[in-house]
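Sharing a structure here in structure tokens format.
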Amino acid sequence: SKTIYLKDYQVPDYLIDETHLTFELFEDHSLVHAQLVMRRNPEAGAGLPPLVLDGQQLELLELKLDDRELGEGDYSLTASHLTLQPTQERFVVDSSVRIHPESNTALEGLYKSGTMFCTQCEAEGFRKITFYLDRPDVMSKFTTTVSAEQHAYPVLLSNGNPVASGSEEGGRHWATWEDPFKKPAYLFALVAGDLWCVEDSFTTMSSREVALRIYVEPENIDKVQHAMDSLKRSMKWDEEVYGREYDLDIFMIVAVNDFNMGAMENKGLNIFNSSCVLAKAETATDAAHQRVEAVVAHEYFHNWSGNRVTCRDWFQLSLKEGFTVFRDSEFSADTHSRTVKRIEDVAYLRTHQFAEDAGPMAHPVRPDAYMEISNFYTLTIYEKGSEVLRMIHTLLGPELFRKGSDLYFERHDGQAVTCDDFVKAMEDASGIDLTQFKRWYTQAGTPRLQVSEAYDASAQTYSLTFRQSCPATPGQSEKLPFVIPLALGLLDAQGNELPLRLQGEATASGTGRVLSITEAEQTFTFEGIAEQPLPSLLRGFSAPVKLSFPYSRDQLMFLMQHDSDGFNRWEAGQQLSVQVLQELIGQYQRGEELALDQRLVEALRTLLLDESLDQAMVAEMLSLPGEAYLTEISEVADVEAIHEAREFARLQLAAALYTPLLARYQANRDVSRATPYVAEAAHFARRSLQNIALSYLMLSQQAEVLAACVEQFENADNMTERLAALAVLVNSPFEAERSKALAMFADFFKDDALVMDQWFSVQAGSPLPGGLERVHALMQHEAFTLKNPNKVRALIGAFANQNLINFHQADGSGYRFLADQVITLNALNPQIASRLLAPLTRWRKYAPARQAQMKAELERILASGELSSDVYEVVSKSLA
Ligand code: B3K
Ligand code: ZN
């Protein structure tokens, strides 16, 4: 495999003004004819260099240049390129190829999911469909004709507007679609299948009527309404918050079962993993409902941030992904609870993106080299990229940020641009210099920010000193200081916010404010501070850094109660829990008796007893930091100590708080019983507290709790309650009830693939001993197949990522199992194989014995035969 560098970027030699595609779909092959209306790129210099088209796994049947048939001497063909010599500035290339979607298990290019044909072209899948300049800075107008057997494939879709259709002899029919907007090939899509659709419409801000259609397999037609409602809310929100209007007459979403990721923003024809479209109360949890809403919004928002303005090259991927994640997370925050959304996003970022940023695949938000671009659809590009946008938003404020985004869209509409272009628009609109800020795009790694305080009672000054540093990452040993926007407030002894006046300022400018930290070491001094204050730092997680301040446990408890920033109240609770859990981990490691700091118990009791608090917040506070997060913040992760310490704390909390937990549980379950399912914040909140209370209560092994759990499992009218009860039973020692519930569930839902995914996941995640044996057995279940990415994620992914105590079995069996699956999947679906591999790449986190076992498995994968570029890149970099 060879490395591609950003510094080698060159504009394309040729452009494709028009692309006319004809697909003839058959059961044992498909034919693709492409007519490319091309010209020399005026920006690329003089002369007529050879035209090098991308193409992989294509059987070339015919090739013409300006209607002249080319023979073997007129072109050269390798496994990845077709080269021919143009003789004029403007010319037309016609090619016909044969491809095999019916045996495409990589799910990239044109493939079959069940009985339907569909495509996935981002990033470089279009070259598996036809010979093309498969790069995002080549934008073209597409016309697509699809023909297929009418009975099996009544629905034929592509991008843009339908312009013609008809029947052919022999039971076939065809349809032609025309997309008036220029686009890169990665946004091309085609669907053919026996699909039903739900139809609706949206009237845009300039009063245009847009037809909305969501296509699904007939049996899923009753699970589409939530996605349709989410789509309409997204369209409205993008008009209101960003001034962005939809631009075609029709917007379509198609749900497919076999899909490598969540969804894809193809112009006018989004293709979705069915797990990100289908949702109804009986089969999808609250989390699934929220994910559907967020992914529908995300893909819709790409119509502007990604499609109208796209990326010049794949190094700029975060230009569209970071921005679009920021947009969808703000949409969710506006739609439900802002604080809860922020807590969820930060917990996810700190657990997973921080781990990536500290591992062998660490890369900047704008990478400068890659082997396989599919490996760079990462938490760093998406989640950290979104944090970078959020910091720009914080530094500019909402009005200037909107001005900057308007300027960006106006200036670059119809273009393929860079992250620098985006930042330039923000600078030009705001007058704020972001030169130093751009280090967030180029330097990898999570910055550390150490904070110390000094209070001078006689001068009435309070100083905070910040020291920032950033650990070395692959290829980057030295880092320069970042611009860190730090939102903060100061609390007095009663918990009131103090007015803030920095040295040199005439008057205080309110209470909370944002400091801009730009130096390696920097001190800010506040004046007129009459008593020693308690700082509330990094409010709302205003920058993706690891902050440390020497808080005592009592101070954290004070912040938990009094901080005016909801996010930081949660954060104080998390820091308190981390301190307490780390103390338990130490006790376990030293062979001492474990003793839980009772202050944590009392802090949580106070929260449970306060019925005026947002129930979702109480639920979030009750959720102790997860094992994966405790692993991430450990110098050397001790798997057993982390698990035992956390389980001990949960048991102690369950016992001490039994009465208030039961009261909150019962009250909420009563409301749930009397209330029809609604996918809204207050209802999510009630069910989340109910379910976390149940999971604690079950640790008591009381008969009344078991009865309540079984009651909830059997009688719930929604999947949120039913699945939570099932998970609690699966993790419990009540073997009879557990087996009965699992069997009932599988029997009832056996025909619903997405529900069976939940059934697999719940079992794969159970920390009870024998986890690997259970996973092995489940792989034999008739509903399981390695060919479906959702199944792989639900069973193998959940085991390796969410069942740390079983995956990290001391005998190395978990590692061996995962490597075996990676080797099998490498041949079937390289993208899925490469993603599955991530837990093994974290070997440096563990003690020497585990390190050796994990490395041995990585080496075994490397030696296992012909590796895809996807797997090769991750394995080789992990071992480097
Ligand atoms: N842009 C797609 C991701 C494509 C991944 C290709 N391996 C979905 C999204 O981010 O919206
Ligand atoms: Zn995206």
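Both ligands and their constituent atoms are indexed starting at 1 by order of listing.
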Discussion item. Ignoring hydrogens and geometry beyond distance, is a side-chain donor-acceptor pair present between Asn829 and Thr105 at under 3.5 Å?
Written reply: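 Looking only at side-chain atoms, Thr105 and Asn829 do not form any donor-acceptor pair under 3.5 Å.
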Worksheet item: Listed by chain and number, what are the salt bridge (Lys or Arg N to Asp or Glu O under 4.0 Å) partners of Asp413, not counting sequence neighbours?
Response: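 Result, salt bridge (Lys or Arg N to Asp or Glu O under 4.0 Å) vs Asp413: Arg308.
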Fill in: Identity and separation of the nearest protein heavy atom to atom 8 (C) of ligand 1
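The answer is Ala263 O, 2.9 Å.
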Worksheet item: Does Glu108 have a heavy atom less than 4.0 Å from any atom of ligand 1?
Response: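 The answer is no: ligand 1 sits nowhere under 4.0 Å from a heavy atom of Glu108.
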Worksheet entry | the Zn ion (ligand 2) - name of the N/O/S atom of Glu321 that sits closest to it |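 Restricting Glu321 to its N, O and S atoms, the minimum distance to the Zn ion (ligand 2) goes to OE1.
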Fill in: Residues Glu321 and His302: side-chain donor-acceptor under 3.5 angstrom
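Note: Glu321 and His302 side chains meet the donor-acceptor criterion.
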Worksheet item: For ligand 1, which atoms, with element, lie under 4.0 Å from some heavy atom of Met264?
Response: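 Going through ligand 1 atom by atom, the ones under 4.0 Å from Met264 are 1 (N), 2 (C).
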Worksheet item: Under 4.0 Å from any heavy atom of Glu265, which atoms of ligand 1 are there?
Response: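 Every atom of ligand 1 under 4.0 Å from some heavy atom of Glu265: 1 (N), 2 (C), 8 (C), 9 (C), 11 (O).
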Worksheet entry | Identified side-chain contact (heavy atoms from CB on, under 4.5 Å) partner of Phe126 from the options Asp134, Asp54, Leu110, Leu187 |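 Per the side-chain contact (heavy atoms from CB on, under 4.5 Å) rule, the option paired with Phe126 is Asp134, out of Asp134, Asp54, Leu110, Leu187.
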Worksheet item: Is a side-chain N or O of Asn220 found less than 3.5 angstrom from the main chain of Val224, in a donor-acceptor match?
Response: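 Not a single qualifying donor-acceptor pair exists.
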Discussion item. If I take the Zn ion (ligand 2) as the centre, what angle separates the NE2 atom of His298 from the NE2 atom of His302? Nearest 10 degrees is fine.
Written reply: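 Rounded to 10°, it measures 100°.
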Worksheet item: For His298 and ligand 1, does the shortest N/O to N/O distance drop below 3.5 Å?
Response: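 Yes; the residue has a nitrogen or oxygen that sits under 3.5 Å from a nitrogen or oxygen of the ligand.
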Discussion item. So if I count the atoms of ligand 1 from 1 in the order they appear, which ones are less than 4.0 Å from some heavy atom of Gln831?
Written reply: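 The list of qualifying atoms is 7 (N).
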Discussion item. Glu330 and salt bridge (charged side-chain N to carboxylate O under 4.0 Å, His left out): which single residue from Arg390, Lys341, Arg402 fits?
Written reply: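 The single option meeting the salt bridge (charged side-chain N to carboxylate O under 4.0 Å, His left out) with Glu330 is Arg390.
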Item to complete: Give the residue and atom name of whichever protein heavy atom lies nearest to atom 10 (O) of ligand 1, and the separation in Å to one decimal.
Response: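 The closest heavy atom on the protein side is Tyr382 OH, 2.5 Å.
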Practice prompt. Using a strict 4.0 Å cut-off to heavy atoms of His302, name the atoms of ligand 1 that fall inside it.
Written response: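 Answer, ordered by atom number: 9 (C), 10 (O), 11 (O).
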Item to complete: Any chance you could measure Thr19, atom OG1, to Lys183, atom NZ, to the nearest 0.5 Å?
Response: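 Reported value, rounded in 0.5 Å steps: 8.0 Å.
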Item to complete: Give the atoms of ligand 1, by number and element, whose distance to some non-hydrogen atom of Lys320 is under 4.0 Å.
Response: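 Going through ligand 1 atom by atom, the ones under 4.0 Å from Lys320 are 1 (N).
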Discussion item. Please report the interatomic distance OH(Tyr370) to CG(Leu317), rounded to the nearest 0.5 Å.
Written reply: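 Here the rounded value is 9.5 Å.
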Item to complete: Please identify which atoms of ligand 1 are closer than 4.0 Å to at least one heavy atom of Met261.
Response: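 Selected atoms, number and element: 3 (C), 4 (C), 5 (C).
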Fill in: Top protein contact for atom 6 (C) of ligand 1, by heavy-atom distance
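Protein heavy atom with the smallest distance to atom 6 (C) of ligand 1: Glu122 O, 3.1 Å.
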Item to complete: Indicate whether any N or O donor in one side chain lies under 3.5 Å from an N or O acceptor in the other, for Trp177 and Asn159.
Response: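 Absent: no donor and acceptor within the cut-off.
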